[in-house]
Colleague: 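Once you've had a glance at the structure underneath, I'll fire off some questions.
Numbered from 1 within each chain, the chains take letters A, B, ... in sequence-line order.
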Amino acid sequence: MQQPVNFSTDQLVNYILNLADNTLILSQRNSEWCGHGPVLEQDIAITNISLDLIGQARSLYQYAASLQGGGTTEDALAYLRGEREFKNCLITELPNGDWGQTILRQLFFSVFQQLLYAQLLQSKDATLAAIAEKSLKEVTYHVRWSSEWVIRLGDGTEESHQRMEKALETLWSYTGEFFIPADYETAAVAESIGVDVTALQQPWLEKVQEVLQEATLPVKEDAKAWMHTGGKSGRHTEHLGFILAEMQYMQRAYPGAEW
Amino acid sequence: MQQPVNFSTDQLVNYILNLADNTLILSQRNSEWCGHGPVLEQDIAITNISLDLIGQARSLYQYAASLQGGGTTEDALAYLRGEREFKNCLITELPNGDWGQTILRQLFFSVFQQLLYAQLLQSKDATLAAIAEKSLKEVTYHVRWSSEWVIRLGDGTEESHQRMEKALETLWSYTGEFFIPADYETAAVAESIGVDVTALQQPWLEKVQEVLQEATLPVKEDAKAWMHTGGKSGRHTEHLGFILAEMQYMQRAYPGAEW
Amino acid sequence: MSVQELEKIFQDKVDQEIKIEPKDWMPDAYRKTLVRQISQHAHSEIVGMLPEGNWISRAPSLKRKAILLAKVQDEAGHGLYLYSAVETLGTTRNQTIEDLHSGKAKYSSIFNYPTLTWADIGAIGWLVDGAAILNQVMLCRASYGPYARAMVRICKEESFHQRQGFEILLVLSKGTPEQQAMCQDAINRWWWPSLMMFGPKDSESTHSDQSMTWKIKRKSNDELRQQFVDMIVEQAKILNVTLPDPALQWNAERGHYDFGEIDWVEFWNVVKGNGPCNKQRLEARRKAWDEGAWVRDAAAAHAEKRKARQEVKAA
Amino acid sequence: MSVQELEKIFQDKVDQEIKIEPKDWMPDAYRKTLVRQISQHAHSEIVGMLPEGNWISRAPSLKRKAILLAKVQDEAGHGLYLYSAVETLGTTRNQTIEDLHSGKAKYSSIFNYPTLTWADIGAIGWLVDGAAILNQVMLCRASYGPYARAMVRICKEESFHQRQGFEILLVLSKGTPEQQAMCQDAINRWWWPSLMMFGPKDSESTHSDQSMTWKIKRKSNDELRQQFVDMIVEQAKILNVTLPDPALQWNAERGHYDFGEIDWVEFWNVVKGNGPCNKQRLEARRKAWDEGAWVRDAAAAHAEKRKARQEVKAA
């Protein structure tokens, strides 16, 4: 098989699942806007991001399934794991909040993804490097789009500015988790397969600060402040269970059926 | 077995499932208030109604399961039927709306249930008659409680009055379904087992009008106006699917497990 | 030039299949009819996102979820083209949208039916998009240029959607007994509403004659409906499903399928606002619009600020 | 009488185990301490409804759903008793609730942890209610009458809840491998937070000595915590689960179980507001309160109207 390394397949699978779950769960959240956006063009844009993310998720799950073998499929990984098995960062599963909160989360996530994928290009794992390469173009657009919107809303009306400050307050303590490596991340780094997320924190902070500044929003310095964690190792918020109940219902109700 | 009649067991089971599904789904909706009510005493009251309703649902499902045989259980009936098999009236599955909408629905439903159970006492089916007798005391309290609250809010502040008018507008067109018999209801009436729901419409309207009048709310005369239907025969609103996805998740995800 | 002369030139162009363009003179009634028809069509795309959007979070596989997302997104795109076409006639998008929210403008009644199971997503693609396409193909040759051109783009995507819907049903029809039942059930529920999409019978249709003359419409409601029935009956055979109409049978003499009478009481009832989801759909649209107001305001305010800053710089 | 004399009479009563009643003279500090402690307890009942309420809609059987509903409802009832006890001390329920919403008043930090699986409902009953009971049993003999009497009622229901929680876990522990894992996982997550419920170590506890003298408290945090550990370790054997503490072992000399050190950094972090759900819990309570304002206003307005009408009638 494609397994090119001598650290455990489990760890590699977990490494990939973290990447995949992040994109699937955020895609699921963003897709809640589809048909309900504030402007038609932006309804289309957020759905487009949702589509890009689910595309990334599929590539990653397919790869993880091929490594795991035993007839596992992308759908089995997405639809038949329980909430303690999902490895997405908590920020991706938080409720959308208003449009401002949604796009601020997108900025935080996309800047992280951009830095991550840029490094992942160097992965010894050719499949991961290829997925990163393909995804990087999409993510670059996500960063641009969400930056523009954060600036627009931060430096828009009094109301929009206040809403963005509130969104910042709500989301900030969920951004630290990106940079605290899970055991499978540490292992993947040691094998030159994974990305050292701790090294991404400073460039992430700089890029985010730059956008917040232009958005006339309070620039957060306290990247080392207390942060929510747990998602990467399956300890989630109470929100994920409800996401899964809805998302997985069909596969759970009709086991083994093809769609 | 307890099956005392010569019309088909299927029809009797369907008749019972309609009664059971009504109470289960409304119980599920009301229970969303638990921990989120406007006043602690009323949080307790609505949860109490939810408890009464789920108790009724359990008696009815247990009876239906015993008739159906083949190892079916109350939980199989509640958790393993799909949305096109549920027979509850549409009004029970509508979102709660605000507190006013919730209690107005409760009034509409409880007045109907009170009339229904009072007649069901005469059923040739002893089990149904016994369930009706036990439930009637509970329902009598539900009618009193919801009447008092409708009056309080209708004849409260300007805001509460307006909200109640809106609730009335939202819910009224879902009340007609109570009184349009499904085939299994017609069959059950013919066997002196079921209640002729068409005969309940006039007394229902009178009781409801009395409450609306005291609540200084517009008294609806048009019980014959166009009404939403379909629930009794499994044609639901888009809301039911989401209720079931959440409610049934555990049973679907862990098939065959005991809890 | 007198109005009569202008009207003559206009009608000559139409008759010679020369497209009318935004800057051309056109009769007020032509303009009004177009605004009404195109905006109704635009609203149908936007409201039409809702019944299908209802299944995005629950789509049964990742592939289906992605396809469905892309499809609903396409509909938003169609809405955009069409609102733009309306704008060429001098009515702003905001005005058009307000008319929807106030209930003044209509949208296709089909979207007032609920999507109850996953199979409904297939049935909508196959039947609803199938019905829409027949109308839209005709409109690709509409006399008004921007409308016709929008339709050309829309038609391409729409026929893709119809194939996707058909394919969803095809998989179900070959699936488990539960899936087969789900497929048949969805078709049973969507068949008659799809037939209603072509509007009242020709004998009852109010706007048709004038629209034919203006070449906004080229086929009558009944013609299109017949075309639809003939097409679907054949495709249903591949799906191995029945259509819920006992009167449906081949009429060798006419060279068409005969079919039963539509429940016109239901048709008018839904048009009047009493469909299963009329309230729900309009409320969802109003809510999205109202809750998005601060976003639109902020974007406008920011654009103003930016412009002002650039002017300062330039000065 | 001088304050000194009053204080002497008060403390004599306390020492003789005579209950202090609302109309009795009591030191200001005693009153304040009681208000703080009872209202914190009341808020814990109310906020404590949320993590368990989170599973009502998803309870895995009808029986479990009914039991859970009844349990959460009991907690609301406990809140009522306790708010009433606070009112006997001259602080209204609204004031007490406002102090919760403003962040001035605290509630038990345990409810800032999320309920992630169904097994958490069992673990909360077994561990969290188990820990609460030990505290509450002690408080049944509190010197303030209304508080002690409220506690007697609460204790009865609470020990019922603990048994229900244990029974949920017992079923899981005898269930499928997945259920057993779910059970163990929940215990792993709830064990340490439950130990934290008894508060800081005696050496760090600020209010303890005075509370002991006043007989608002009769056992120290560490005593109660030890009692809890000893009790739970035995019950865990029946469940066939482990407790996530490698240091846990029987100490024959002490006649108690030794156990490891609590993560006090986590403890203070959650107290300070940084727990997984602090924000979420408080926001849920505020939302319920704010959105219920119109209902409370309407009820008050209606009561006024009714009273006025009756006065007119009477006149």
Colleague: So for Asp43(A), is it side chain, backbone, both, or neither that comes closer than 4.5 Å to the heavy atoms of chain C?
Modeller: side chain
Colleague: Strictly distance-based, threshold 3.5 Å: is any side-chain N or O of Arg296(C) a donor or acceptor partner for the main-chain N or O of Pro38(A)?
Modeller: yes
Colleague: What part of Ile54(A) lies closer than 4.5 angstrom to a heavy atom of chain C: side chain, backbone, both or neither?
Modeller: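 Side chain only.
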Colleague: Under 3.5 Å, is there a donor-acceptor pair between the side chain of Glu75(C) and the main chain of Gly35(A)?
Modeller: no
Colleague: In Å and rounded to the nearest 0.5 Å, what is the OG to CZ distance from Ser57(C) to Arg29(A)?
Modeller: 10.5 Å
Colleague: Less than 4.5 Å to any heavy atom of chain C: does that hold for the side chain of Ile243(A), its backbone, both, or neither?
Modeller: neither
Colleague: About how many Å separate NZ of Lys65(C) and CD of Gln28(A), when rounded to the nearest 0.5 Å?
Modeller: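 Going from CD on Gln28(A) over to NZ on Lys65(C), the span is 3.5 Å.
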Colleague: Could you tell me which of Gly175(C), Ala70(C), Ala293(C), Gly79(C) has the largest number of non-hydrogen atom pairs under 4.5 Å with chain A?
Modeller: Ala70(C)
Colleague: Quick one: OH on Tyr61(A) to CG on Leu62(C), what's the gap to the nearest 0.5 Å?
Modeller: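 Between atom OH of Tyr61(A) and atom CG of Leu62(C) there are 7.0 Å.
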Colleague: Could you tell me if the side chain of Leu80(C) sits less than 4.5 Å from the side chain of Glu41(A), heavy atoms only?
Modeller: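 Sidechains of Leu80(C) and Glu41(A): in contact.
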Colleague: Who among Gly53(C), Ala76(C), Ala301(C) has the most heavy-atom pairs with chain A under 4.5 Å?
Modeller: Ala76(C)
Colleague: Test salt bridge (charged side-chain N to carboxylate O under 4.0 Å, His left out) on Arg163(A) and Glu291(C) and set out the steps.
Modeller: CA-CA 13 Å; Arg163(A) 282 175 181 261; Glu291(C) 291 183 357; over 6 Å; no
Colleague: Please classify the contact of Leu172(C) with chain A as side chain, backbone, both or neither, using a heavy-atom distance under 4.5 Å.
Modeller: side chain
Colleague: Please check this pair: side chain of His36(A) against backbone of Ala288(C), looking for a donor-acceptor N/O pair closer than 3.5 Å.
Modeller: no
Colleague: Between CZ of Arg93(C) and CG of Leu40(A), what distance do you get to the nearest 0.5 Å?
Modeller: 5.5 Å
Colleague: Flag the one option from Leu153(A), Ile44(A), Ile151(A), Thr47(A) with the top tally of heavy-atom pairs under 4.5 Å to chain C.
Modeller: Ile44(A)
Colleague: Which bit of Trp33(A) comes within less than 4.5 Å of chain C, counting heavy atoms only: side chain, backbone, both or neither?
Modeller: neither
Colleague: How long is the span from the CD atom in Gln162(A) to the CH2 atom in Trp294(C), to the nearest 0.5 Å?
Modeller: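 If I round to the nearest 0.5 Å, the distance is 11.0 Å.
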Colleague: Heavy-atom pairs under 4.5 Å with chain C - which of Ala57(A), Ser160(A), Gly100(A), Gly256(A) has more of them than the others?
Modeller: Ser160(A)
Colleague: I'd like to check Gln73(C) versus Leu51(A) (side-chain heavy atoms, cut-off strictly below 4.5 Å). Are they in contact?
Modeller: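 The answer is yes; the side chains approach within 4.5 Å.
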Colleague: If we define contacts as heavy-atom pairs under 4.5 Å, which of Arg58(C), Gln179(C), Glu52(C) has the most with chain A?
Modeller: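 The answer is Gln179(C).
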Colleague: Taking 4.0 angstrom as the limit, do Glu214(A) and Arg306(C) come out as a salt bridge?
Modeller: yes
Colleague: Side chain, backbone, both or neither: which part of Tyr79(A) has an atom under 4.5 Å from a heavy atom of chain C?
Modeller: side chain
Colleague: With only heavy atoms counted, which part of Glu74(A) is less than 4.5 Å from chain C, the side chain, the backbone, both or neither?
Modeller: both
Colleague: Can a donor-acceptor pair be found, under 3.5 Å and without considering hydrogens, that links the side chain of Arg64(C) to the backbone of Trp259(A)?
Modeller: yes
Colleague: Quick check: do Val295(C) and Asp98(A) have side-chain heavy atoms less than 4.5 Å from each other?
Modeller: no
Colleague: Quick one: SG on Cys34(A) to CG on Leu50(C), what's the gap to the nearest 0.5 Å?
Modeller: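 That separation rounds to 9.0 Å.
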